[in-house]
Amino acid sequence: MIWPFRRRKRPTGQLPPINEDWRVGDLAACIMDGGWTGGIGPTYGSIHRVTAVVEGHLKKTNEPVWGLQLQPWLSYFHAEAFRKVQPDAEECSTEFKALMGLIVRKPAKTGVDA
């Protein structure tokens with residue numbers, strides 16, 4: 001029996017919505033284990049810095065996709081194979097304030113006799 005429903009093909013000129021709001025400098029955690037072209041690429045759970053975000057097309061199906069270039073590699077990887085690592089800004093700012101409190105000294109009062 002042939003299934004009566006077929007998937008609709010996306011128009012080839014239109015880019016799909018990007019899965020994250022990727023920018024250069026973001027940290028990307030790999031959620032795909034292997035299967036990269038050429039066998040060289042990030043492993044599951046590894047975290048890398050994004051050096052470029054580009055739009056492109058898949059070689060086999062010619063579907064438009066987003067690609068990420070990661071720091072140790074010169075090639076691009078499919079953006080859907082990664083999740084953005086969100087930094088914990090609250091923890092960072094408290095530690096930074098405490099450190100700055102130790103480093104920065106308040107200026108001595110001038111014009112006061114001792």
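Everything numeric in this text was worked out from a predicted model, so none of it was measured.
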*Taking the side chain as every heavy atom from C-beta outward, state whether Q86 and L27 have any atom pair closer than 4.5 Å.*
no

_Looking at every non-hydrogen atom in both residues, tell me the closest pair between A28 and V85 and how far apart they are._
C-CG2, 4.4 Å

*asked:* Nearest 0.5 Å, please: how far is CG in L74 from CD in Q69?
replied: 6.0 Å

*Does any N or O in the side chain of R49 come within less than 3.5 Å of the main-chain N or O of G25, such that one atom is a donor and the other an acceptor?*
yes

*With side chains defined as the heavy atoms from C-beta onward, is the minimum distance between W22 and W66 less than 4.5 Å?*
no

*First locate atom CG of L68, then atom NE2 of H78, and finally report the distance between them rounded to the nearest 0.5 Å.*
9.5 Å

*Do the non-hydrogen side-chain atoms of L70 and P42 ever get within less than 4.5 Å of each other?*
yes

_Point-to-point distance, once rounded to the nearest 0.5 Å, from CZ of F82 to CD1 of I31_ = 8.5 Å

*Centroid-to-centroid, H48 to W73, below 6.0 Å?*
yes

